[in-house]
Amino acid sequence: MEKIRYEMNENVVIINENHEREDGIELTFKIKNDAAIKRLHEVRNFFERDKVYTDVLFYTLEDKKFQIIVRDDSYAVLLAALFRWQLVKKLEWID
Amino acid sequence: MKYIKRDDFGLMNEAIIAIIIFLLTYGLIISEKIHRTIIAMLGAALMIVFKIVTQETALQHIDFNTIGLLIGMMVMVSITGETGVFKFVAIWSAKKVKGRPIAILLVLSLITGIGSAFLDNVTTVLLMVPVTFSITRQLNISPIPFLISEILMSNIGGTATMIGDPPNIMIGSAVPELTFMRFITNLTPIILIIMVVTVLLLMLIYRKEFKTSDETRKRIMSLNEKDEITDKLLMIKSLTMMGLTIIGFFLHEWIHVDTATVALAGAFILLLLSGESYLESALGKVEWTTIFFFVGLFVLVSGLVETGVIEKIASYAIELTGGHVTSSSFLILWLSAIASAFIDNIPFVATMIPLIQQMGHLGIHNLEPLWWSLSLGACLGGNGTLIGASANLVVAGLAGKEGYKITFVKYLFIGFPLMLISILISMAYIYLRYLL
């Protein structure tokens, strides 16, 4: 089965992933500038505007850190949104 | 002279037709095969087409205070909801209790209960459910106990004020002497007791359900709730107008302005302050299906009132209870509670209001305990089953969609006994305060 791979936009964000959860994947974001925070808020608005509440959950932490818990079935959609708002600069399917 | 044909029970032909239309409509509403608003409006139309009531009479029976109050509050809540203030309060509270799940159950329940006292129950749960998912996911625990607790508390909290639940809005609008302040002084004390008892029982029921670690609790403590506020200025405007509107409700009997005027004025002043860009979306978020459901029901019940059916049922009820206030109150309380656990309490209350008014005309002079019995029974009864109130179905629907199934039976085992306890407490309260 194909897997998705991404390359973060390291000029603005550092993304760490934690795959130990049973109910999805946890991503932690360390954002480097306010413009990128605004873009991450756009991503958040995009997911919170729909009526599905548990696909992608956003949390704001201290020190410009953010956390997302994403359900496995919504992982690719989240990455596509991060790509759309340029927090991820490359996205590809690999074997 | 017009010849009026009566059957053996002394009812006119028009009354028989009105009863048939009413029962048919009621049956279709309960069956939930077709949307309740369509059925209620068509039932209302039949009352006019069959000349049971004229269009003018039908319009006179529509309680525009109920309609205006609902629209005003819906507009205000739709704007306030967009500011993120509910998420802020929920996360702030979760942090205040150090992320302990059982304490979070308590605070989320209380926020829902208090919110529902001033906002529509469905709106309150719609605002609370997403943040509940958010917090429980972070704690790695099931959201179901929290959601069930929020259902129960939304219906209980809604009973506390005149604007908290549609039955209270209808009762308060139909009986001018039952002002906003009188709802507070008569219902809020008992609702606070029921809230405390229910929350304690829920904490007892769910005390062993939650297993979390220090690590997960730390996650809650590291959240920054301030970021949940999406528009600070709009939040200030919304909360100010909401506060002023509630003050207006308290003062409405002294300033001689009806509650609908207060709510609509508050809503449109908020729209003036927030800017025209919110006008379309705020009016779009008004639940017009609910509004037209009310319109249909008022006309439907007018058919029974105008043909004397309500008067007949009221006299039967008085015969049954011997005209005693105590037995009449308890009959209304339990009948309302059991009926509201299985059917929509809005049509039930729409039917009961003229019935109680008629009981007053037929000799029961102290109607006050009857009104509070109707309110407590109809609002709290909704907790009995998953289909008892709109908020229950909304939460169950949202939870099911997210993969957390709240079944009818699972809910029944928690909701029905807690509903019975709340009605027993209400019964004791009504007896001690009004009938002793």
*What residues of residues 98-119 of chain B sit under 4.5 Å from chain A when you count only heavy atoms?*
none
*chain A contact via Gln138(B) - side chain, backbone, both or neither, heavy atoms under 4.5 Å*: both
*With rounding to the nearest 0.5 Å, note down the distance linking OG in Ser222(B) to NZ in Lys65(A).*
9.5 Å
*Just wondering, more than 12 heavy atoms not from Glu92(A) lying within 6.0 Å of its CD?*
yes
*Is Glu26(A) salt-bridged to Arg137(B), going by a charged N under 4.0 Å from an acidic O?*
no
*Please examine the side chains of Asp227(B) and Phe66(A), heavy atoms only from C-beta on, and report whether any two atoms are closer than 4.5 Å.*
yes
*Would you find more than 12 non-hydrogen atoms of other residues, nucleotides or ligands less than 6.0 Å from Tyr75(A) atom OH?*
yes
*Quick one: OG1 on Thr60(A) to CD1 on Ile91(B), what's the gap to the nearest 0.5 Å?*
8.0 Å
*For atom NZ of Lys226(B), decide whether the heavy atoms of other residues, nucleotides or ligands shown that lie under 6.0 angstrom number more than 12.*
no
_For Lys401(B), is there any backbone N or O sitting under 3.5 Å from a side-chain donor or acceptor partner on Tyr53(A)?_
no
*Measuring from Arg44(A):CZ to Glu228(B):CD, what's the distance to the nearest 0.5 Å?*
4.0 Å
*Inspect the surroundings of NZ in Lys96(B) and state if more than 12 heavy atoms from other residues, nucleotides or ligands are less than 6.0 Å away.*
no
*Look up atom CD1 in Ile69(A) and atom CG in Asn140(B), then write down how far apart they are to the nearest 0.5 Å.*
7.5 Å
*Determine whether more than 12 heavy atoms belonging to other residues, nucleotides or ligands lie under 6.0 Å from atom CZ of Phe408(B).*
yes
*If you measure from OH on Tyr59(A) to CD1 on Ile220(B), what distance do you get to the nearest 0.5 Å?*
7.0 Å
*Give a yes or no on this: more than 12 heavy atoms of other residues, nucleotides or ligands lie within 6.0 Å of atom CZ of Arg21(A).*
yes
